[in-house]
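Throughout, a chain's letter reflects where its sequence line sits, starting with A, and its residues are numbered from 1.
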Amino acid sequence: MREEVTFLFPYREEDITLVAGIDVSYDQDGFSIGVVVVLAFPSLEILEVAVEKLRPTFPYIPGFLSFREGPVIEKAFSKLCRRPQIVFFDGQGIAHPRGVGLATHMGVALGVVSIGVAKKPLVGSFLPPGEKRGDFSPVEYKGRVVGVVLRTQEAVKPVFVSPGNCIGIVEAKDWTLKVTGKYRVPEPTRLAHILSEREKR
DNA sequence: GCGACAG
DNA sequence: ATCTTGTCGC
């Protein structure tokens with residue numbers, strides 16, 4: 001069977017009711033644990049959680065993260081009953097050596113709109129953003145703006161946001177702020193991280 | 001050749 | 001990512 005793929009461009013806030021966050025952790029036995037959390041928007045209450053545990057078959061190589069984490073993510077995502085409209089990833093989108101970071105690669109593979117929110121830069125140059133929440137500065141790579149360094153909390157180290165699939169830089173940045181609460185990392189990936197950590201016990 | 005390098 | 005203790009602060 002083949003599932004029908006429909007893209008919904010998140011230009012109108014009132015059309016978005018389901019967002020999701022994905023993260024992968026590793027236990028002591030070397031297994032990778034992938035978690036997908038679906039949240040209601042704008043309440044951000046958890047509606048569904050999908051988990052998958054696998055043995056990694058590819059090593060971690062900067063620039064090739066999706067080859068290591070892609071398999072667990074796909075299996076976990078396929079277990080979902082609901083279809084999130086925007087998916088947040090722990091990693092880069094197009095701010096990547098070849099323009100295809102984890103969020104972009106997976107966004108295309110899963111057929112969803114996606115956004116990459118990384119805690120550290122992979123490529124590009126940038127100036128530090130202002131100190132207030134929402135302040136940002138562009139990340140430039142090979143003469144192109146590929147994302148932004150975004151301050152999600154006042155006086156707290158910024159995060160790196162770049163478009164994953166079917167979304168622009170400004171929209172990716174704005175949606176990241178819309179799902180960010182009291183913490184540095186936006187709720188979708190923050191919760192996915194906590195849950196994947198919990199799965200190791 | 002040297003340094004950088006998401007999770 | 002993971003290995004690891006205490007500590008400062010809301």
Side-chain angles (χ1 to χ4, degrees), chain A residues 20-37 51-77 87-110 114-127 129 131 133 136-142 144-150 152-165 167 169 172-173 176 180-186 188-201:
Chain A
I22 297 180
D23 189 45
V24 177
S25 65
Y26 300 84
D27 65 18
Q28 304 177 318
D29 304 315
F31 276 91
S32 59
I33 301 169
V35 171
V36 182
V37 188
V51 183
E52 180 61 43
K53 185 175 180 180
L54 286 181
R55 176 76 73 182
T57 61
F58 198 87
Y60 168 66
I61 301 175
F64 296 84
L65 182 61
S66 53
F67 290 96
R68 178 175 174 74
E69 304 192 338
V72 219
I73 292 175
E74 290 191 308
K75 292 201 70 174
F77 193 86
V87 182
F88 291 80
F89 286 84
D90 222 315
Q92 311 292 339
I94 64 173
H96 176 277
R98 297 168 297 287
V100 195
L102 180 68
T104 302
H105 190 146
M106 291 300 106
V108 172
L110 301 174
S114 62
I115 295 173
V117 182
K119 295 178 289 299
K120 297 189 296 186
L122 174 61
V123 297
S125 58
F126 53 86
L127 293 177
E131 292 296 286
R133 168 190 165 90
F136 67 94
S137 56
V139 171
E140 201 175 304
Y141 183 57
K142 292 181 175 176
R144 296 290 181 184
V145 175
V146 296
V148 299
V149 197
L150 176 66
T152 53
Q153 295 299 327
E154 182 157 356
V156 169
K157 185 195 296 184
V159 295
F160 298 77
V161 180
S162 60
N165 185 43
I167 193 169
I169 294 174
K173 182 212 69 177
T176 295
T180 296
K182 292 182 174 182
Y183 303 85
R184 177 197 179 209
V185 175
T189 48
R190 190 182 76 80
L191 293 173
H193 184 282
I194 292 175
L195 294 176
S196 67
E197 204 77 315
R198 180 179 301 179
E199 286 300 319
K200 295 195 290 191
R201 317 175 190 174

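Judged by distance alone, with hydrogens and angles left aside, the side-chain atoms of A:Thr189 form no donor-acceptor pair with the main-chain N or O of A:Phe89 at under 3.5 Å.
An OP1 or OP2 oxygen of B:dA6 is reached within less than 4.0 angstrom by no side-chain nitrogen or oxygen of A:Lys119. For C:dC10, the OP1/OP2 oxygens have no side-chain nitrogen or oxygen of A:Lys182 closer than 4.0 Å. Residue A:Tyr60 has a polar side-chain atom (N or O) positioned under 4.0 Å from OP1 or OP2 of B:dA6. For B:dA4, neither phosphate oxygen OP1 nor OP2 lies less than 4.0 angstrom from any side-chain nitrogen or oxygen of A:Lys120. For A:His96, no side-chain nitrogen or oxygen approaches OP1 or OP2 of B:dC5 to under 4.0 Å.
Comment: A:Asp29 does not engage A:Arg55 in a salt bridge, judged by the lack of any side-chain N to carboxylate O separation of less than 4.0 angstrom.
Residue A:Phe64 is classed as a base contact, given a heavy-atom separation below 4.0 Å to a base. Among the protein residues, A:Pro121 comes within range of the sugar-phosphate backbone only, with heavy atoms under 4.0 Å from sugar or phosphate atoms but none that close to a base. Nucleic acid contact class of A:His105 (heavy atoms, under 4.0 Å, all strands): none. When heavy atoms are screened at a 4.0 angstrom cut-off, A:Gly116 is found touching no nucleic acid atom at all.
In this entry the distance linking CD of A:Glu69 with P of B:dG7 reads 9 Å, nearest Å. Counting to the nearest Å, the C1' atom of B:dA6 and the CZ atom of A:Phe58 are 14 Å from each other. To the nearest angstrom, C1' of B:dG7 lies 19 Å from CZ of A:Arg190. Between A:Lys53 atom NZ and C:dA1 atom P the separation is 18 Å, expressed in whole Å. The interatomic distance linking A:Arg98 (CZ) with B:dC5 (P) rounds to 16 Å, in whole Å. Rounding to whole angstrom units, CG of residue A:Asp27 and P of C:dT2 are separated by 9 Å. The CG atom of A:Leu122 sits 19 Å away from the P atom of B:dG3 (whole-angstrom rounding). Atom CZ of A:Arg68 and atom C1' of C:dT2 are 11 Å apart (whole Å).
The side chain to side chain contact (heavy atoms under 4.5 Å, CB included) test with A:Asn165 singles out one residue from A:Val108, A:Leu110, A:Ile115, A:Val100, and that residue is A:Val108. Checking each of A:Phe136, A:Phe126, A:Phe160 against A:Val148 for a side chain to side chain contact (heavy atoms under 4.5 Å, CB included) leaves exactly one that passes, namely A:Phe136.
A:Phe67 and A:His105 have perpendicular rings, their planes meeting at more than 60° on a 0 to 90° scale where under 30° would count as parallel.
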